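Just so we're clear, the structure is a prediction, and the values are computed from it rather than from any experiment. In what follows, every chain begins at residue 1, and chains take the letters A, B, ... in the order their sequences are listed.
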Amino acid sequence: AQKVTQAQTEISVVEKEDVTLDCVYETRDTTYYLFWYKQPPSGELVFLIRRNSFDEQNEISGRYSWNFQKSTSSFNFTITASQVVDSAVYFCALSEARSNTDKLIFGTGTRLQVFP
Amino acid sequence: NAGVTQTPKFRILKIGQSMTLQCTQDMNHNYMYWYRQDPGMGLKLIYYSVGAGITDKGEVPNGYNVSRSTTEDFPLRLELAAPSQTSVYFCASSFLAGYGYTFGSGTRLTVV
């Protein structure tokens with residue numbers, strides 16, 4: 001069965017600190033997709049990144065970086081030099097290609113609070 | 001480019017009332033979804049559709065119904081509202097499997 005675990009319920013940091021949000025997933029499929037979404041206090045869900053199971057390259061986008069490791073079934077998200085605007089709930093999600101329905105299984109989210 | 005539009009944004013229902021949450025997308029996406037978000041619980045899939053005329057249950061379908069008569073519209077019907085249906089509802093669409101969703105802005109529903 002598919003499952004996404006975000007063990008960190010809430011993280012608080014001071015501005016300019018680096019922070020890593022953990023995501024561990026379970027799937028029996030060999031082809032799958034992993035995602036991160038951001039939900040700021042305004043409530044909308046914003047797509048951050050997509051990764052397919054065959055692409056283990058780490059990705060960097062500005063202050064954001066993602067570390068995908070199939071060996072540990074993890075897809076962790078790091079924010080470098082955090083800013084107050086990074087305060088949000090962050091969701092990791094998984095979909096399996098086999099079903100061809102694109103259903104996403106979400107983790108329970110990590111609330112990040114960045115204090116000035 | 002409107003993307004995914006949900007209406008209403010807020011609604012208060014009395015127990016036993018019914019209502020329809022509207023969802024429309026203008027991106028010609030085949031896949032559409034309804035999720036509910038409860039505090040601390042992430043998002044749970046209620047119903048989904050892979051194309052007009054095709055719908056299927058997700059993880060938490062009880063108390064809800066959907067239809068998909070056109071590619072653009074995917075309304076969610078609540079019959080006999082219960083306090084357990086108090087939640088934030090998100091509609092989403094995707095073009096191809098694995099490409100990620102475009103979400104609507106959500107509907108905050110309170111059943112009292």
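Connection of Trp36(A) to Tyr35(B) is not established within any shared hydrophobic cluster, with ILVMFWY side chains joined at heavy-atom distances below 4.5 Å, either directly or through further cluster members. One hydrophobic cluster, built from ILVMFWY side chains closer than 4.5 Å, cannot hold both Phe77(A) and Phe106(A); they sit in different ones. Residues Ile79(A) and Leu34(A) are members of one and the same hydrophobic cluster, defined by side-chain heavy-atom contacts under 4.5 angstrom among Ile, Leu, Val, Met, Phe, Trp and Tyr. Phe90(B) and Ile46(B) fall into different hydrophobic clusters, where Ile, Leu, Val, Met, Phe, Trp and Tyr side chains are chained together by heavy-atom contacts under 4.5 Å. Cluster annotation: Phe47(A) is not connected to Tyr32(A) through the hydrophobic network of ILVMFWY side chains, with a link wherever side-chain heavy atoms come within less than 4.5 Å.
Tyr99(B) touches chain A through backbone and side chain together, each having a heavy atom under 4.5 Å away. Heavy-atom distances place the side chain of Tyr37(A), and not its backbone, under 4.5 Å from chain B. Heavy-atom distances place the side chain of Gln39(A), and not its backbone, under 4.5 Å from chain B. Leu43(B) touches chain A through backbone and side chain together, each having a heavy atom under 4.5 Å away. Residue contact with chain B, scored on non-hydrogen atoms closer than 4.5 Å, involves the backbone and the side chain of Leu104(A) alike.
Residue-environment remark: NZ (Lys3(A)) stays at or below the threshold of 12 foreign heavy atoms within 6.0 Å. More than 12 heavy-atom neighbours from other residues, nucleotides or ligands sit within 6.0 angstrom of CG on Leu96(B). Annotation for Phe95(B): atom CZ does not count as buried by contact number, only 12 or fewer foreign heavy atoms lying within 6.0 Å.
The closest donor-acceptor contact from the side chain of Tyr101(B) to the backbone of Asp102(A) lies under 3.5 Å.
The candidate from Thr108(A), Thr9(A), Ile49(A) with the greatest count of non-hydrogen atom pairs under 4.5 Å with chain B is Thr108(A). Per-residue heavy-atom pair counts under 4.5 Å with chain A were compared for Gln37(B), Arg108(B), Met41(B), and the maximum is reached by Gln37(B).
Within residues 54-88 of chain B, no residue has any heavy atom less than 4.5 Å from a heavy atom of chain A.
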